Asker: 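One structure follows; several queries about it will come next.
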There are 2 protein chains.
Amino acid sequence: MTEKEFLKKLGKKIAQHRKASNKTLVDVCAVIDMEKTNLSAIENGRQNATSLTLKKIADAIGVEVAEFFK
Amino acid sequence: MTEKEFLKKLGKKIAQHRKASNKTLVDVCAVIDMEKTNLSAIENGRQNATSLTLKKIADAIGVEVAEFFK
DNA sequence: GGCGTGGTTATGATATATCATAACTTAATT
DNA sequence: AATTAAGTTATGATATATCATAACCACGCC
């Protein structure tokens with residue numbers, strides 16, 4: 001798997017869990033004080049989030065970070 | 001849990017899995033072409049690795065990234 | 001003692017994650 | 001048609017992850 005593919009897959013997982021939690025991208029960003037441009041880029045695999053960013057997102061949507069990597 | 005605590009915990013997990021795989025910090029860095037200063041900082045919670053860095057480390061020691069977050 | 005290996009810490013350079021803002025599309029709604 | 005909300009994309013600024021290198025400590029070994 002290429003790095004691009006990995007990031008795309010990770011982003012899809014995040015978006016999937018976010019939608020399952022019935023929160024919009026804007027909702028999540030409001031909670032964690034993040035720009036929606038960033039979260040959009042992460043969910044679309046255009047950006048390589050840090051572990052702390054993943055943690056904040058996971059907390060905001062009520063899942064474990066580990067879920068994003070399964 | 002504070003951000004510092006989170007990073008420390010994550011780093012400990014990484015170090016733990018690395019040692020379980022019987023690889024030194026130097027070994028892993030050689031495989032993934034990373035500076036040992038970086039991996040040391042990550043394992044000690046002084047640095048906030050990106051998802052791709054975590055993926056490379058996980059691959060090098062033969063575990064899933066998800067393991068680092070359990 | 002001296003030497004090599006694993007690991008830590010410090011410093012300066014470069015790459016990139018995130019911030020801040022704006023413009024835009026699409027879809028839903030009134 | 002106009003408006004509103006969600007999401008995308010672009011741009012420039014700032015913060016920080018990583019690179020590159022050096023110095024250092026602790027340990028086992030010769």
Side-chain angles (χ1 to χ4, degrees):
Chain A
M1 180 162 43
T2 68
E3 297 191 345
K4 268 192 186 171
E5 284 166 351
F6 172 77
L7 290 181
K8 272 209 181 285
K9 206 169 133 192
L10 174 61
K12 270 187 191 167
K13 275 274 175 169
I14 295 171
Q16 187 180 307
H17 280 284
R18 174 179 60 77
K19 285 168 187 166
S21 81
N22 278 324
K23 294 200 170 73
T24 69
L25 195 143
V26 175
D27 290 338
V28 173
C29 288
V31 170
I32 68 182
D33 196 32
M34 166 179 232
E35 299 301 318
K36 65 180 176 174
T37 66
N38 263 328
L39 185 50
S40 173
I42 290 167
E43 287 192 354
N44 287 283
R46 287 194 313 280
Q47 206 163 286
N48 176 20
T50 65
S51 65
L52 280 177
T53 299
L54 294 175
K55 174 71 159 44
K56 287 181 206 161
I57 297 169
D59 284 351
I61 68 186
V63 300
E64 298 291 327
V65 178
E67 292 297 320
F68 296 156
F69 294 99
K70 287 178 183 168
Chain B
M1 178 163 43
T2 68
E3 296 192 345
K4 268 192 185 171
E5 285 166 349
F6 172 77
L7 290 182
K8 274 209 181 285
K9 206 169 133 192
L10 174 61
K12 271 186 190 166
K13 275 276 177 165
I14 294 172
Q16 187 179 307
H17 280 285
R18 173 180 61 75
K19 286 168 185 163
S21 81
N22 279 323
K23 293 201 172 69
T24 69
L25 195 144
V26 175
D27 289 338
V28 172
C29 287
V31 170
I32 69 183
D33 196 32
M34 166 180 233
E35 299 301 318
K36 66 180 177 175
T37 68
N38 263 328
L39 185 49
S40 173
I42 291 167
E43 287 191 354
N44 287 284
R46 289 194 313 280
Q47 206 163 286
N48 176 19
T50 64
S51 66
L52 280 178
T53 298
L54 295 175
K55 174 71 159 44
K56 287 182 205 161
I57 297 169
D59 284 350
I61 69 187
V63 300
E64 297 291 328
V65 177
E67 293 298 320
F68 297 155
F69 294 98
K70 286 178 183 167

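Naming convention: chains lettered A, B, ... in sequence-line order (proteins, then strands); numbering from 1 in each chain. Keep in mind that what you see is a predicted model, and the values were worked out from it rather than measured.
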Asker: Between which nucleotides of DNA chain D, read 5' to 3', does contact with chain A run, using atoms under 4.0 Å from its heavy atoms?
Answerer: D/dA6 to D/dA10

Asker: Can you list, in residue-number order, the parts of residues 53-70 of chain B that come under 4.0 Å of DNA chain C, counting heavy atoms only?
Answerer: none

Asker: When you group the ILVMFWY residues by side-chain heavy-atom contacts below 4.5 Å and let the links chain together, are A/Val31 and A/Val26 in the same group?
Answerer: no

Asker: Of all the heavy-atom pairs spanning A/Ser40 and A/Leu25, show the shortest one and how long it is.
Answerer: CA-CD1, 4.1 Å

Asker: Using the test salt bridge (charged side-chain N to carboxylate O under 4.0 Å, His left out), find all partners of A/Lys4 that sit at least two apart in sequence or belong to another chain.
Answerer: none

Asker: Going 5' to 3' along nucleotides 3-8 of chain C, which nucleotides have protein heavy atoms under 4.0 Å from the base (write B), which only from the sugar-phosphate (write S), and which from neither (write -)?
Answerer: ---SBB

Asker: Output the distance between atom CG (B/Leu10) and atom OG (A/Ser51), rounded to the nearest 0.5 Å.
Answerer: 5.0 Å

Asker: Check this for me, if you would: do A/Glu67 and A/Lys70 make a salt bridge, where the nitrogen-to-carboxylate-oxygen distance has to be below 4.0 angstrom?
Answerer: yes

Asker: Give me each pair satisfying salt bridge (Lys or Arg N to Asp or Glu O under 4.0 Å) with a member in residues 19-48 of chain A, each pair once, sequence neighbours excluded.
Answerer: A/Arg18-A/Glu43

Asker: Can any side-chain N or O of A/Asn48 pair as donor or acceptor with the backbone N or O of B/Leu52 at less than 3.5 Å?
Answerer: yes

Asker: What distance do B/Thr50 atom OG1 and A/Glu3 atom CD have between them, rounded to the nearest 0.5 Å?
Answerer: 8.5 Å

Asker: For A/Glu64, give me all partners under salt bridge (charged side-chain N to carboxylate O under 4.0 Å, His left out), at least two apart in sequence or on another chain.
Answerer: none

Asker: When you compare the side chain of B/Gln47 with that of B/Thr53, does any pair of heavy atoms fall below 4.5 Å?
Answerer: no

